[in-house]
Protein chains: 2
Amino acid sequence: MGEGVEWALHSCVNLAWAGPDRAVSAARLAAWHDLPTAYLNKQLQALARAGIVTSAPGPRGGFRLARPLADISLMDVVAAVEGPEEAFRCAEIRQQGPGGGPAASYAAECAVAQAMGRAELAWRRELAAQSLDDVRQQAERQAPDAPRQLRDWLASR
Amino acid sequence: MGEGVEWALHSCVNLAWAGPDRAVSAARLAAWHDLPTAYLNKQLQALARAGIVTSAPGPRGGFRLARPLADISLMDVVAAVEGPEEAFRCAEIRQQGPGGGPAASYAAECAVAQAMGRAELAWRRELAAQSLDDVRQQAERQAPDAPRQLRDWLASR
DNA sequence: ATAACCTGGATACTAGATATCCAGATTAGA
DNA sequence: TCTAATCTGGATATCTAGTATCCAGGTTAT
Ligand code: SF4
Ligand code: SF4
């Protein structure tokens, strides 16, 4: 699990707090949490390609949310940043060595891979069930003046 | 997800097929699927430390299952091989930069981390719900003579 | 026209996973 | 008792994927 996921999630919540009128540049989003600007920019580009945020060049440009937080699930962000690969990669070892005859060659996905696939599906379902708005609400409960702090800081630039 | 997990899972099923009387050396288990002997040995050591298999040195030594396959869940094996670390590691970025004041410093685990934790819990639960005996049964359905092949090959050594 | 900004490719750096090696310790069997 | 097979565990090397930086474009507000 790359830490780009965490950056992307926090950035989305920050964009929501900044409001829909104001576009925020990658440089500012990065500075807010002291992250490497160029690298965070890559994650934001991935979010843009996935249609989660929109991007605009030029002065007063930057990123803003493409849709309300309630319509963005954690799964959307994870898929956008981490790519579509499964965590468990089948290397087909059962077909190597003396054990792997042609008998097993044409069989379907083996039992191990299926079991791991079911577990990963449960993980995805749970991520898909939680929206970024849920996250935002709880974050505001823990730090009620975080949104105002961010807006003030953005305004002072 | 390291591929040692896959090796360990297949090795456990192979040990079950070999039977409880015969201990199988790491070298033979590795040769069966053409895996690097020394490295597979490390995964088997991890399984031994976790109490999933027992090990015995000396001639006629090797590994055997510590308990029936039905009492070993996929989660047991994954935890033994991959360690206890969570896939999502919280880097506490919210406390870095201008955004992280002392206000948030003492707050509990943030909303993002909690949400990811819930998803990972669902994954673990699904893994814990599936026993290695389920896997064995389906594997035998796909390749009914795999157990006999393995026993024959082991006997011819 | 200028400066602020995104895009995307090329490149370097780094940490972790993969793989090998060796010097003990243990035990079955001759 | 001696030998050979085997596990144990630390040290080390290699490889891969994640992390990070840079630059040469292209776009747009002022
Ligand atoms: S399908 Fe089964 S044997 Fe093949 S790589 Fe996946 S887990 Fe291993
Ligand atoms: S607790 Fe929240 S802010 Fe801190 S590292 Fe985890 S996800 Fe990021």
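Numbered from 1 within each chain, the chains take letters A, B, ... in sequence-line order.
Regarding B/Leu15, its CG atom lies at a distance of 11 Å from the P atom of D/dC7, rounded to whole Å. Across the protein-nucleic acid pair, B/Asn41 atom CG and D/dG10 atom P stand 13 Å apart, rounded to whole Å. Here the C1' atom of nucleotide C/dT27 and the CZ atom of B/Arg64 are 13 Å apart, to the nearest Å. Distance CZ (B/Arg60) to C1' (C/dG29): 11 Å, rounded to an integer number of Å. Atom CG of B/Leu40 is separated from atom C1' of D/dT6 by 14 Å (rounded to the nearest Å).
The side chain to side chain contact (heavy atoms under 4.5 Å, CB included) search around A/Gln138 returns A/Arg141, A/Gln142, B/Ala111, B/Gln114, not counting sequence neighbours. Taking A/Glu3 as the reference, nothing meets the side-chain hydrogen bond (donor to acceptor under 3.5 Å, both in side chains) condition, with sequence neighbours excluded. Under the side-chain hydrogen bond (donor to acceptor under 3.5 Å, both in side chains) criterion, B/Gln45 pairs with no residue, sequence neighbours left out.
The side chain of A/Gln45 places no N or O atom within less than 4.0 Å of a non-bridging phosphate oxygen (OP1 or OP2) of C/dC6. Listed pair B/Arg28 / D/dT6 meets the phosphate criterion, a side-chain N or O lying under 4.0 Å from OP1 or OP2. Contact check, A/Arg49 against C/dT7: no side-chain N or O comes under 4.0 Å of OP1 or OP2.
Note on the helix from C/dA1-D/dT30 to C/dA30-D/dT1: terminal axis deviation equals 10°, with five pairs used at each end and the result rounded to 10°.
With distances taken from any side-chain atom of B/Ser25 to the nucleotides D/dT8, D/dT6, C/dC5, the minimum falls on D/dT6.
Using a cutoff of 4.0 Å between basic side-chain nitrogens and carboxylate oxygens, B/Arg118 and B/Glu120 are not scored as salt-bridged.
When only modelled atom types and interatomic distance are considered, B/Trp17 and B/Glu140 share a side-chain donor-acceptor pair under 3.5 Å.
Applying the salt bridge (Lys or Arg N to Asp or Glu O under 4.0 Å) test to residues at least two apart or on different chains, the pairs with a partner in residues 47-67 of chain A are A/Arg67-A/Asp76.
Aromatic ring pairs are classed by plane angle as parallel below 30°, tilted from 30° to 60° and perpendicular above 60°; the pair A/His10 and A/His33 is perpendicular.
B/Ala23 comes within 4.0 angstrom of nothing in the nucleic acid, heavy atoms only. Here B/Ala56 lies in heavy-atom contact (under 4.0 Å) with sugar-phosphate atoms only.
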Got a list of protein N/O to nucleotides 16-25 of chain C N/O distances below 3.5 Å?
| unit_1 | atom_1 | unit_2 | atom_2 | d |
| --- | --- | --- | --- | --- |
| C/dT18 | OP1 | B/Glu3 | N | 3.1 |
| C/dT18 | OP2 | B/Tyr39 | OH | 3.4 |

CA sep, side-chain torsions, deciding dist, call: B/Trp7, B/Leu29, side-chain contact (heavy atoms from CB on, under 4.5 Å): CA-CA 9 Å; B/Trp7 303 355; B/Leu29 280 174; over 6 Å; no
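Side-chain contact check for A/Asp133 versus A/Pro68: every heavy-atom pair is 4.5 Å or farther apart.
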